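Here you go, one structure.
Please read these numbers as outputs of a predicted model, since none were measured by experiment. First the proteins, then the strands, lettered A, B, ... as listed; each starts at 1.
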Amino acid sequence: MPKIALPDGSERVYENPVTAAQIAADIGPGLAKAALAAVVNDENWDINRVIEEDCTLRLITAKDDACLELIRHDCAHILAEAVLELYPETQVTIGPAIESGFYYDFYREKPFSIDDLDAIEKRMHDIVDRNEEIIRGEWSRDEAVEFYKKRNEPFKVELVEAIPANETVSYYAQGAFIDLCRGPHMASTKKAGHAFKLMKVAGAYWRGDSNNPMLQRIYGTAWTTEADLQAYLTMLEEAEKRDHRKLGKALNLFHMQEEATGSIFWHPNGWTLYREIENYVRRRLDAADYQEVKTPQMIDRSLWEASGHWEKFGENMFTANTQDDKTLALKPMNCPGHVQIYRQGVKSYRDLPLRMAEFGSCHRNEPSGALHGIMRVRAFTQDDAHIFCTEEQINSESVAFCNLLKEIYKDFGFTDIRVKFSDRPEVRAGDDATWDKAEQALTAATQAAGIKTSHNPGEGAFYGPKLEFVLTDAIGRDWQCGTLQADFILPERLGAEYVAIDGQRKRPVMLHRAILGSLERWIGILIEQYAGKMPPWLSPVQAVIAPITETTNEYANSIYQSLKQAGIRVQTDLRNEKIGYKIREHSTSKIPFILAVGAREAEAGTVAVRRLGSQNQEVMSVNEITSLLQAECMPPDLASKGK
RNA sequence: GCUGCUGUAGCUCAGUAGGUAGAGCACACCCUUGGUAAGGGUGAGGUCGAUGGUUCGAAUCCAUUCAGCAGCACCA
């Protein structure tokens, strides 16, 4: 006699086991039609799965967010069914719902082509129209193993065999297709609707391990309505326009070429942007009592062996051999170098915290497949610093760092930041007690700083746990920018110490920290964030003076001189072109201010100012435009200082 | 690194039975001196990513290789 508690507080009692579908029908015919699945005791249930015991029940309809996941998961099964119908020799493995869609991994000798995707997608629509009933069933684990062994499906056998022997497993069947699955699914294939589209096919390792065979993964996207699908596709197109690789070329910021894979050729425009950012961070670090240093680009391998980098990352380090048989490595990190500076002379507890910063130019031989525009490169510069401090100072230093980071992100226009807490990895240096201490210290610091973190197990650095500050790019990819790492290991390994108040020598703690992460990646993210339309203080060219005819060239030059002297990055456009042509070109180049000057302006000593993105023009005196530009092009830290 | 796709003028791209290349924009020159998102004309430009092979003949077919793209793996 199941007693069902509903969300409105009411209860329904049934004589016999009942399904969510029946309960929905009892409540009303509208709901019966709309109900797609249920949540029974906080567990996802199929609409037609029998409920035998007392429970709470909530029905899921198309209005629920959970509905999207149902659609996507159903789509994954429909995809697999379609593939098996078209290519029966294929083996199915797994296929979950993911953010914005679904995928299914297949094993097949011959890879799927783009044309195959069209055929598969068509067949998926057929399957939806067939309105096949989706039926849940249960097997004992051994029955499942038997089933898949008989079918000669080794991938599925492996999956099932990983399940404890006495457990039962559920399966879902639709048409001739049957798949091991936790569920839930909707009542029939028709419920998935037609608002889906197969997007791409790519390789993916079985169980995410590069030692395993490679499977063919087909990705799709699925939505509740056709309009949602279209909106998503439009969003992707828009995102593509923001791609920093396209804009970097279009705005003449940088380029890359074969002979220097993973390294950037910065053009004058891009380098101006780069330097503006570097100078900004330099001022902020100086204000926060950091000391800037510079350490060697190449250091003998012995130091990397001592630090542990050689053992852990040796394969990814660029090395050079000298005539006298030494092996030098291009630095992949700055920390060992900073410890060398720290170790010069005896340090007292009075010297701590000691904040050592470097715009550290690092090289890492990243795997070729990891390279991505200027976001993931082999030569990059970190806004790196190491804070040498006592254990007691970890908290206050971490809080100060988090606040500095938030302010800096805000100045660049980022207020929505996700923070991940990564704890000890499997391969690591140092004993568990030290890790306990480091993880606790970092946890306490995040609490003190009022930062919410998501847990990222096993992803810490080999020498310590870390916070990762993550931003999302235009195409929805996540990039780690800032980081804060508590390190009890390297000071030990590299012999950093200080004299404590009691005269004893002690180990300092090192806080590894970066805010932008790599300047290169940061610039890539900025380009996408602003779609190339940088705020004036970052704009490589802040204003262009465009004479209407060549009779005002001389006047244009005189304004150029005074703006240049006022510290504005300004150019003239004296070409023999009409003003409309110049406006168009400098607008597409995303110049924040275009100053048109014709006979009228020359006569009156004014300029006609047109802001990027505006159709209007405002006539103002040369003095007015000078102070306007100075105000608008002021870096945010200097602007707030002036107030 | 793995799987798949791509690689033609500075840029974006066309080149469909293998017969030594074409468009638009950009560029140069000329005309035009034009008031807010493309004025007109003329011209210059490419050993078709690289290497090797098949062929009388290769941008086109095959192999190798490099780079880029997507995803996976990696990311101190």
Quiz prompt | Value in whole Å for how far the P atom of B:C72 lies from CZ of A:R217 | solution =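 So the CZ-P distance, A:R217 to B:C72, works out to 6 Å.
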Quiz item: Has the side chain of A:Y205 got a donor or acceptor atom sitting under 3.5 Å from an opposite partner on the base of B:G1?
Solution: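 Side chain to base: pair present.
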Quiz item: Once you round it to whole Å, what is the distance between P of B:A76 and CG of A:L484?
Solution: 15 Å
Quiz prompt | Main-chain N/O of A:L467 paired with A:T483 side-chain donor or acceptor, under 3.5 Å | solution =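 Looks like yes, one N/O pair under 3.5 Å.
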Quiz item: When all nucleic acid strands are considered with a 4.0 Å heavy-atom cut-off, which category describes A:G208: base, sugar-phosphate, or nothing?
Solution: sugar-phosphate
Exercise. Between protein and nucleotides 59-68 of chain B, map the contacts as a letter string: B base, S sugar-phosphate only, - none, heavy atoms under 4.0 Å, written 5' to 3'.
Key: -------SSS
Quiz item: Is it the case that more than 12 heavy atoms not belonging to A:Q297 sit under 6.0 Å from its CD atom?
Solution: yes
Quiz item: Looking only at atom C1', what distance separates B:U20 and B:U47, rounded to whole Å?
Solution: 10 Å
Quiz item: Whole Å only: how far is the CD1 atom of A:I98 from the C1' atom of B:G71?
Solution: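 Interatomic distance, CD1 of A:I98 to C1' of B:G71: 10 Å.
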Quiz item: Within the structure shown, what part of the strands sits under 4.0 Å from A:P111 by heavy-atom distance: base, sugar-phosphate, or nothing?
Solution: sugar-phosphate
Quiz item: How long is the line joining CG of A:D243 and C1' of B:A70, in whole Å?
Solution: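 After rounding, the reported distance stands at 12 Å.
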Quiz item: For B:U51, which nucleotide is its Watson-Crick or G-U wobble mate, given both distances must be under 3.5 Å?
Solution: B:A63
Quiz item: Can you say whether the rings of A:H244 and A:F254 are parallel (under 30°), tilted (30 to 60°) or perpendicular (over 60°)?
Solution: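 The rings of A:H244 and A:F254 sit tilted, inter-plane angle from 30° to 60°.
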Quiz item: Within this structure, what is the CD-to-P distance between A:Q480 and B:C74, rounded to whole angstrom?
Solution: 15 Å
Quiz item: Does A:Y219 have A:K200 sitting over its ring (NZ/CZ under 6.0 Å from centre, angle to axis within 45°)?
Solution: yes
Practice problem: Could you check whether A:Y103 gets within reach of a base, just the sugar-phosphate, or nothing at all, counting any heavy atom under 4.0 Å? | Solution: nothing
Quiz item: What is the per-nucleotide protein-contact pattern of nucleotides 25-39 of chain B, from the 5' end, where B denotes a base atom under 4.0 Å from a protein heavy atom, S denotes such proximity for sugar-phosphate atoms only, and - denotes neither?
Solution: -SS---BBBBBBBBS
Exercise. In whole angstrom, give me the gap between the C1' atoms of B:C48 and B:A76.
Key: 43 Å
Quiz item: Going by the angle between their ring planes, with limits at 30° and 60°, are A:H309 and A:W304 parallel, tilted or perpendicular?
Solution: perpendicular
Self-check item: Identity of whatever pairs with B:A21 - Watson-Crick or G-U, under 3.5 angstrom
Solution: none
Quiz item: If you find the nucleotide of RNA chain B closest to A:K312 and the one closest to A:G369, which residue's nucleotide is nearer the 5' end?
Solution: A:G369
Quiz item: Could you state the CD-P distance from A:Q216 to B:C2, rounded to the nearest angstrom?
Solution: 15 Å
Self-check item: Counterpart base for B:C75, defined by Watson-Crick or G-U wobble contacts under 3.5 Å
Solution: none
Exercise. Hunt down the Watson-Crick or G-U wobble partner of B:G34, both distances under 3.5 Å, from any strand shown, or write none.
Key: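 Across any shown strand, B:G34 pairs with none.
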Quiz item: With a distance cut-off below 6.0 Å to the six-membered ring centre and an angular limit of 45° from the axis, does A:R72 pair with A:W223 as a cation-pi contact?
Solution: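 Judged by the rule, A:R72 and A:W223 form a cation-pi pair.
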Practice problem: Determine the Euclidean distance between corresponding C1' atoms of B:G43 and B:C25; express it in Å to zero decimal places. | Solution: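 The answer is 16 Å between these two C1' atoms.
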Quiz prompt | Atom P, compared across B:G46 and B:U3: separation rounded to whole Å | solution =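 Here B:G46 and B:U3 have their P atoms 38 Å from each other.
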Quiz item: What do you reckon, are the aromatic ring centroids of A:Y409 and A:W522 less than 6.0 Å apart?
Solution: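 A:Y409 vs A:W522: aromatic centres under 6.0 Å.
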Exercise. With a 3.5 angstrom cut-off on both distances, give the Watson-Crick or G-U wobble partner of B:U3, or none if there isn't one.
Key: B:A70
Quiz item: What distance, rounded to whole Å, do you find between the two C1' atoms, one in B:C11 and one in B:C5?
Solution: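 Pairwise C1' distance, B:C11 against B:C5, rounds to 22 Å.
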Quiz item: Can you tell me how far C1' in B:U60 sits from the matching atom in B:G19, rounded to whole Å?
Solution: 11 Å
Exercise. Using whole Å, report how far CZ of A:R364 lies from P of B:A76.
Key: 7 Å
Practice problem: May I ask you to evaluate whether A:Y219 reaches the phosphate of B:C72, defined as a side-chain N or O under 4.0 Å from OP1 or OP2? | Solution: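 It does, given that an N or O in the side chain of A:Y219 lies less than 4.0 Å from OP1 or OP2 of B:C72.
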Practice problem: Scan A:K246 against the nucleic acid and name what it touches under 4.0 Å (heavy atoms): base, sugar-phosphate only, or nothing. | Solution: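 No contact.
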Quiz item: According to the Watson-Crick and G-U wobble definitions, with both distances under 3.5 Å, which nucleotide is paired to B:U16?
Solution: none
Self-check item: Atom P, compared across B:U8 and B:G68: separation rounded to whole Å
Solution: 14 Å
Quiz item: CG of A:L328 to CG of A:D300: how many Å apart, nearest 0.5 Å?
Solution: 5.5 Å
Quiz item: With both distances under 3.5 Å as the test, what is the Watson-Crick or G-U wobble partner of B:U42?
Solution: B:A28
Quiz item: When we call it a touch if two heavy atoms are under 4.0 Å apart, what does A:D209 touch: a base, just sugar-phosphate, or nothing?
Solution: nothing
Quiz item: Can you tell me how far C1' in B:A28 sits from the matching atom in B:A9, rounded to whole Å?
Solution: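 Here B:A28 and B:A9 have their C1' atoms 15 Å from each other.
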Quiz prompt | Distance, rounded to the nearest Å, where A:M256 contributes CE and B:C11 contributes P | solution = 16 Å
Quiz item: For the side chain of A:R108 and the backbone of A:K110, is there at least one donor-acceptor N/O pair under 3.5 Å apart?
Solution: yes
With a cut-off of 3.5 Å and sequence neighbours excluded, list every side-chain donor-acceptor pair involving residues 313-320 of chain A.
none

Quiz item: Would the number of heavy atoms belonging to other residues, nucleotides or ligands and lying under 6.0 Å from NZ of A:K122 be above 12?
Solution: no
Quiz item: Side-chain contact, heavy-atom cut-off 4.5 Å: A:H386 with A:R513?
Solution: no
Quiz prompt | Anti/syn call for B:G45, syn if |chi| within 90° | solution = syn
